[in-house]
Amino acid sequence: MTMLRNLTLGAAAAALSASFAFAEVKIRVQSVIPAKADEVHMLEDFAADVAALTNGEVVFEVLPAGAVVGVAETLDAVDKGLIEGGFAWTHYWSGKHPAAMLFGSPVAGAGVGIDNIAFMSWFLDGGGKELYDQLWKEMGVNVKGFMLQPVGPEALGWFKEPIASMEDFRKLRFRAPPGIPGQTYNDIGVAAVSMGGGDILPALEKGVIDAAEWCCPKPDSIFGFQKVLKHYYLQGLHQVVVNADLYINGDVYNSLTPTQQKAIEVAANASLMKSLGYRIYENGKALKDLTENQGVILHDTPPDYFKEYMDAARATLEKNAAENEFFAKVWQSQKDFAAIAVPFWAGAQASNAALGKAYADSLVKN
């Protein structure tokens, strides 16, 4: 009887333990952009991967911008535990630390020729991830971050009329990214202002701004900029690399089991590749639709833009490195990586670009 009783108690304990092991952890993630945005679609795909890898133990609930707190308060809300997670671009928090830009949107390819794919190499294999983990400590926030969605290069943007030079550009009020990339436009005399993605189209419609950038053909078309502006310039330097990230409250993340934490890491790494693949095809389809069906005219960016912006970006990078030790450490890591990787990658990509351009030109002739 004693043995039977012990077996029964043991089975009950095992069942109780199992019920705790499979208890659902819900992580509410507030985005800084509307639910219709392409980035939210990819975020939900990441969430589905985590749910599958954890057998439903970890569930991410994606909330739209402003659901709990204002966009500008997103990271602070995650830090304080008001929401368990947030989704944004890390350069949004450049006001907390200038080095945030070097992870979220290293202006002009960090000044050393790093594109979005080379950036992933630096992040995964060149010491970037360890510095990224240190960034949150430098900011003083209780956050665990994951890079999810690299993109780049972003388009210069949308204009009412063609611009032939920087002189034309400087006559316009222009929506630019927050932080150093936007400030660099101000440094070259462009009247650049920052605003959230959902506010851009209304500002264009009301004439508050004359021109704008957001991202690339697909996300731009979802926001509807083509309804107001018809002149589109693909080549820009302000965001050659951009990364959308997930932030999880540190206490929430530490409460997860090692297996659950690993599932999030694996899903995040998968998202890096999945989002790159998704964006190339979706942007191609969107650009084709914009130019063939919606009256959008594609232009080459004026040549004098590139030198002016690059010179100003380099000066800003050097200034911040001189003023902030951690910024200098991250930028030096990117420069050390670029000295090794960029000569190879740029050389290889030159033939890829020439091959693609030859094919694209043949389509136009036909």
Side-chain angles (χ1 to χ4, degrees), residues 6-65 67-69 74-75 77-90 103 120 123-125 128-130 132-133 136 141-151 243-279 281-282:
N6 288 341
L7 286 172
T8 303
L9 289 173
L16 183 62
S17 176
S19 70
F20 280 119
F22 291 100
E24 179 184 294
V25 178
K26 179 176 283 188
I27 299 176
R28 297 170 303 154
V29 178
Q30 181 178 300
S31 169
V32 298
I33 48 179
K36 67 179 181 179
D38 233 23
E39 290 80 5
V40 173
H41 164 77
M42 290 183 280
L43 176 61
E44 289 171 341
D45 182 71
F46 157 82
D49 281 347
V50 173
L53 289 169
T54 62
N55 294 317
E57 296 173 21
V58 180
V59 175
F60 286 93
E61 179 186 357
V62 181
L63 305 176
V68 179
V69 297
T74 302
L75 187 66
V78 176
D79 171 43
K80 297 172 183 175
L82 298 176
I83 48 177
E84 295 79 41
F87 176 78
W89 292 264
T90 292
F103 297 96
M120 287 297 100
F123 178 71
L124 295 171
D125 295 293
K129 187 176 185 301
E130 292 74 19
Y132 179 71
D133 288 339
W136 314 112
V141 294
N142 183 28
V143 163
K144 173 66 176 177
F146 292 91
M147 283 191 186
L148 298 185
Q149 298 173 14
V151 66
N243 301 290
D245 299 357
L246 167 72
Y247 318 112
I248 302 176
N249 174 270
D251 294 336
V252 171
Y253 180 76
N254 291 332
S255 73
L256 301 176
T257 68
T259 301
Q260 291 169 341
Q261 292 176 352
K262 190 66 177 178
I264 294 174
E265 179 186 349
V266 169
N269 287 342
S271 179
L272 298 176
M273 187 64 237
K274 291 169 78 173
S275 59
L276 281 172
Y278 177 84
R279 285 187 184 276
Y281 191 39
E282 290 298 311

What closest approach, in Å, do [X] and [Y] show between heavy atoms, and which atom pair accounts for it?
| X | Y | value |
| --- | --- | --- |
| Pro150 | Ser275 | CD-OG, 3.3 Å |
| Asp49 | Ala267 | CB-CB, 4.0 Å |
| Asn249 | Val78 | ND2-O, 2.8 Å |
| Gly86 | Thr74 | CA-CG2, 4.0 Å |
| Pro34 | Val40 | O-CG2, 3.5 Å |
| Asp79 | Asn142 | OD1-N, 2.7 Å |

Would Leu256 and Ile264 count as a side chain to side chain contact (heavy atoms under 4.5 Å, CB included) here? Give the steps. CA-CA 10 Å; Leu256 301 176; Ile264 294 174; 3.6 Å; yes

Any residue meeting salt bridge (Lys or Arg N to Asp or Glu O under 4.0 Å) with [X], in chain and number order, not counting sequence neighbours:
| X | result |
| --- | --- |
| Lys36 | none |
| Lys80 | none |
| Glu265 | Lys262 |

Checking [X] now: which residues fulfil side chain to side chain donor-acceptor pair (under 3.5 Å) with it, not counting sequence neighbours?
| X | result |
| --- | --- |
| Thr90 | Asp245, Tyr247 |
| Asp45 | Lys274 |
| Glu282 | Lys218, Lys285 |
| Glu39 | Arg279 |

For Tyr132, the ring-ring contact (aromatic ring centres under 6.0 Å, His included) test, sequence neighbours excluded, returns Phe103, Phe123, Trp136

Separation of [Y] [atom2] from [X] [atom1] (nearest 0.5 Å):
| X | Y | atom1 | atom2 | value |
| --- | --- | --- | --- | --- |
| Lys129 | Asn269 | NZ | CG | 7.5 Å |
| Thr259 | Glu57 | OG1 | CD | 8.0 Å |
| Asn243 | Leu148 | CG | CG | 9.5 Å |
| Leu276 | Met120 | CG | CE | 7.0 Å |

Is Leu53 close to Gln260 at the side-chain level, that is, under 4.5 Å between some pair of heavy atoms? no

For Ala244, all residues meeting side chain to side chain contact (heavy atoms under 4.5 Å, CB included), sequence neighbours excluded: Phe87, Trp89, Gln149

Criterion side chain to side chain contact (heavy atoms under 4.5 Å, CB included) on Phe46 and Val62, from CA distance to verdict: CA-CA 11 Å; Phe46 157 82; Val62 181; over 6 Å; no

Walk me through it: do Val50 and Ile27 pass the test side chain to side chain contact (heavy atoms under 4.5 Å, CB included)? CA-CA 11 Å; Val50 173; Ile27 299 176; over 6 Å; no

Selection residues 26-35 - residue pairs positive for side-chain hydrogen bond (donor to acceptor under 3.5 Å, both in side chains), sequence neighbours left out: Arg28-Glu84

Please list all pairs meeting ring-ring contact (aromatic ring centres under 6.0 Å, His included) that have one or both residues in residues 260-279, counting only residues at least two apart or in different chains. His41-Tyr278

What pairs meet the salt bridge (charged side-chain N to carboxylate O under 4.0 Å, His left out) rule with one or both residues in residues 252-261, with sequence neighbours excluded? none

